[in-house]
*Asks:* 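Pasting a structure below so you can have a look.
The figures here come from the full heavy-atom set of this structure, side chains too, leaving out hydrogens, waters and symmetry mates.
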Amino acid sequence: MVSSTFTDLQEHRAALIRAIKGQGLSDIAMENDSAKADVDVVASSLQMVQNSSAYCAVIGSRYGQTPECPVRNPDKLSITELEFNEAQRLGRPILVFIMGDDHPVRKADRETDIKSEKLNAFRENAKPMKPGTQANRVYATFNGAAEFATKATQAIADLRRFLDVQAQPAPPPQSTSEPNPAEPIWNIPPSDPNFFGRKEYIQNLRTALTKNNQPAALTQSIKGLGGLGKSKTALKYADLYRNEYTTGFWTVADSRDNLISGFASFAGLLNLPQREEKDITKAAAAAKRWFESNGNWLLILDNVDHWEVANDWIPTSKTGHVLITTQLQHTGNYAQGLELPRMTPDEGAKFLLERVKCDNPSAEDLATAKDISVEFEGLPLGLEQAGAYIDESKLSPAEYLKLYKGDGKTLRANGEQGTVTRTFTLALEKLGERAKEILRMAAFLAPDAIPEEMLIADGESPIEFRDAVTNAIRYSLIWRNPSTGTVSIHRLVQLVVKDTLDDEASKRWIERNAEAIAKCFPEEVEFNNWAACERLLPHAKILAADIVSLPIESKGSAYLLHQTAWYLGDRARYAEAKPLVHCALRIREQVLGPNHPDTATSLNNLAGNYRAQGQYKEAEPLYQRALEIKEAALGPNHPDTATSLGNLAGNYHEQGQYKEAEPLFQRALEIKETALGPNHPDTATSLGNLAGNYHEQGQYKEAEPLYKRALQIRETVLGPNHPDTAISLNNLAGLYASRGNFLRSIPLFARALAIYEKVHGTDHPDAIGIAKSYHNALQSLSRGHEAAKLRKKFKFNP
């Protein structure tokens, strides 16, 4: 069920309903009944919750309608709050999205007096998650429509997986050296319902994978040229034999980066502790180890381009099945090659007639279908698209063949791919204008798993977008995965679409894509939205490569490069991030000028990239220039100027240049206290930075009151269990330990570690760092038994 106030949240509701329908679920929206005058709104609303499998609430700036009903609503709660309470009572999965403080709000939509108090109380009541409910409870804030759409799409996809699992029997227990997922996982996309044939081939594939009844991980390669249907055949195999596997995984495997991203996403699906590693390669490696320690899985590596790269990620154990698609002609020792042939004229004719749902074909239909198969040289991709055209245009096979052979000789180029170019071009001519736009956007993105929220136009209704997507699907130009809310496009279709555009038009579509994907990126890249960033990353990297190579110089393209590089840097992928940061800086210097605050931001990002890799001397002049720009453009007392001061000071601090860092840290603190207030979380950060600088120099008396004040601010403003509070606890504990006062440090270490363990797990590097400090304090007081338990739990050596 979808619940919210209506007038102020229409765009958000539309995005949420779009996400729900994108997962193949149906929405029950409260305004369908409860806004009607002749309906008992309390009874109607509660009945809707009772009839729903899950409850989604969007809490904005209005409290909402409060029905008068002394018996059932004595506290005069809003309809949304009544529904929320009922969903909690029934134990329904709950998704709550709360508008953040930075979200723009019309004056007319702000509540006052008692309703404002009730709204604030409801928001606070909706936030906490009770112990043990994380699997079916989501809470997220949003500060804009684009951020909301991204978070809603991810949450609904997770909800769909949860609901699917609830409807399935539990898997048999397995022995494993890595944690098992709580429920069966299957991220392999569904097969195309219009893809027919290949039955004998798929049976041979099954035999090869299971021959001699050995539980061997036989790597299997479906190889061949584009258009033979390698990927669709692999997905059809997965669908036909899904019941034979307990888990199934699919990833694009055309580069090392995509393989790492794919395996890292598996770590998240499997709920492995390493899923939260900042270094994404560690999360990916943990997923590979899971494959090597567990059995009865199916792994599809799609579109392998380099055997040496793919081989590093093929599990070495013989406990599951690896299925590979590739255009490489020689598989060598990497995989057992299984050639996917063209369809024979008879197979192609049968495929085509099944696609057009011709159950009783005439002799002429059979003969013409065979001729079409010969014309397309047995390529399933061309035959499938021809069938879609015949079906949609209500033509006979003979009429289609005549049209195809008409005036399209120039489009039927020589070579393997030319046989399908004409039929794609015919279909493109039949599409509506909006469907063509979607296809042109998709042509300049990664071909697989394009998030639908990227393709939706500003102001476009969900119905308009869905109709346009359906238009393209009907002609088999794209296909859709409802479980993830994504669409995919064949690489050949991308090439055909690009061939219809000149260079200037191509640039315009790349720029349009850059702006669209930038709106979907979270405004602040942090651990909690890594999944949303990873969903966008393959497409952002394709666009980034085009922006760098063409080049394209615009504010939107620079912002996309900035956000993409920010996420890559956050995952310790500095080498991938650096050229994007360089390009974003160059564009901003050209478009905005060398002294614009956004140019300073790019300078700061490039400096941060150097600093993260220990290249402090390269970072220093960039930080200095960024500071000069901020001081000149924003003023010497602006919070952003303070941030630049802190960055430069941090660069000095990490080199042990504490005297150079100290005045900069002090000035940053003074600015934040004045501009933001003495109790702001950013002020606490500056307090901690200055205290740390004193701490490193052994000036414990100067450091202690600053650490304490930072801790007090964070406990009061952020709460006692916030990760930033844990940082302050650990800092103060470390100070006491440095002075030899272990009795005072131990309870602080324990509190900090408990917070980190709850938020990040026992394998997070920061959690292990705190655990080691805690361990040393225990050892110093001869509490070896407790220290040993800590080593065992967090798996580290002293």
Side-chain angles (χ1 to χ4, degrees), residues 187-189 219 221-223 226 230-231 234-235 238 248-270 274-275 277 279-288 290-291 298-315 322-328 334-335 442-451 454 481 484 486-491 494 513 517 521 530-549 560-561 563-565 567-580:
N187 87 322
I188 299 175
T219 56
S221 174
I222 306 176
K223 60 184 179 179
K230 298 180 297 298
S231 296
L235 297 182
F249 298 89
W250 168 92
T251 187
V252 179
D254 58 359
S255 69
R256 181 178 182 273
D257 290 342
N258 282 337
L259 278 162
I260 290 173
S261 292
F263 274 76
S265 72
F266 298 160
L269 292 172
L270 292 163
Q274 296 88 345
R275 70 192 183 280
E277 284 281 1
D279 186 344
I280 195 172
T281 58
K282 294 181 180 179
K288 185 187 176 187
W290 184 92
F291 284 110
L298 173 63
L299 172 63
I300 298 179
L301 303 180
D302 201 12
N303 200 37
V304 166
D305 274 351
H306 303 283
W307 282 118
E308 294 80 4
V309 172
N311 189 51
D312 290 340
W313 294 96
I314 296 174
V322 179
L323 188 54
I324 297 169
T325 74
T326 181
Q327 291 191 31
L328 300 173
Y334 299 110
F444 292 96
L445 298 168
D448 301 295
I450 302 170
M454 285 172 45
N481 185 347
T484 58
T486 60
V487 298
S488 297
I489 181 172
H490 197 281
R491 289 162 178 79
Q494 287 183 309
N513 274 343
I517 193 171
F521 255 105
W530 277 357
C533 295
E534 195 66 34
R535 175 180 170 88
L536 302 171
L537 184 62
H539 313 288
K541 289 175 66 177
I542 292 288
L543 289 170
D546 285 337
I547 290 168
V548 172
S549 63
L560 171 66
L561 294 171
Q563 293 296 100
T564 307
Y567 172 65
L568 290 170
D570 213 41
R571 301 306 304 270
R573 296 163 72 168
Y574 306 115
E576 293 175 68
K578 184 176 287 187
L580 306 189

*Asks:* Compare every heavy atom of Ala442 with every heavy atom of Ile489, then report the nearest pair and how far apart it is.
*Replies:* CG2-O, 3.9 Å
*Asks:* Are Asp302 and Thr325 linked by a side-chain donor-acceptor pair shorter than 3.5 Å?
*Replies:* yes
*Asks:* Take atom NZ of Lys578 as the centre, draw a 6.0 Å sphere, and report whether it contains more than 12 heavy atoms from other residues, nucleotides or ligands.
*Replies:* yes
*Asks:* Salt bridge check: are Arg491 and Asp448 linked by an N-O gap of less than 4.0 Å?
*Replies:* yes
*Asks:* With sequence neighbours excluded, tell me which residues meet side chain to side chain contact (heavy atoms under 4.5 Å, CB included) with Asp312.
*Replies:* none
*Asks:* Can you tell me how far the CD1 atom of Ile314 sits from the CG atom of Leu259, to the nearest 0.5 Å?
*Replies:* 9.0 Å
*Asks:* If the condition is side-chain hydrogen bond (donor to acceptor under 3.5 Å, both in side chains), which residues does Lys541 pass it with, not counting sequence neighbours?
*Replies:* Asp257, Glu576
*Asks:* Please state whether the rings of Phe263 and Trp313 are parallel, tilted or perpendicular, taking 30° and 60° as the class boundaries.
*Replies:* tilted
*Asks:* Quick one: pull up CD1 in Ile547 and CG in Leu561 and give me the separation to the nearest 0.5 Å.
*Replies:* 4.5 Å
*Asks:* For the residue pair Ile517 and Gln563, establish whether any side-chain heavy-atom pair is separated by less than 4.5 Å.
*Replies:* no
*Asks:* How long is the span from the NZ atom in Lys282 to the CD1 atom in Ile280, to the nearest 0.5 Å?
*Replies:* 13.0 Å
*Asks:* What is the distance from atom NE2 of His306 to atom OG1 of Thr326, rounded to the nearest 0.5 Å?
*Replies:* 10.0 Å
*Asks:* Which residues satisfy the ring-ring contact (aromatic ring centres under 6.0 Å, His included) test with Phe521, sequence neighbours excluded?
*Replies:* none
*Asks:* Looking at CG of Leu298 and CZ of Phe249, how far apart are the two atoms once the value is rounded to the nearest 0.5 Å?
*Replies:* 10.0 Å
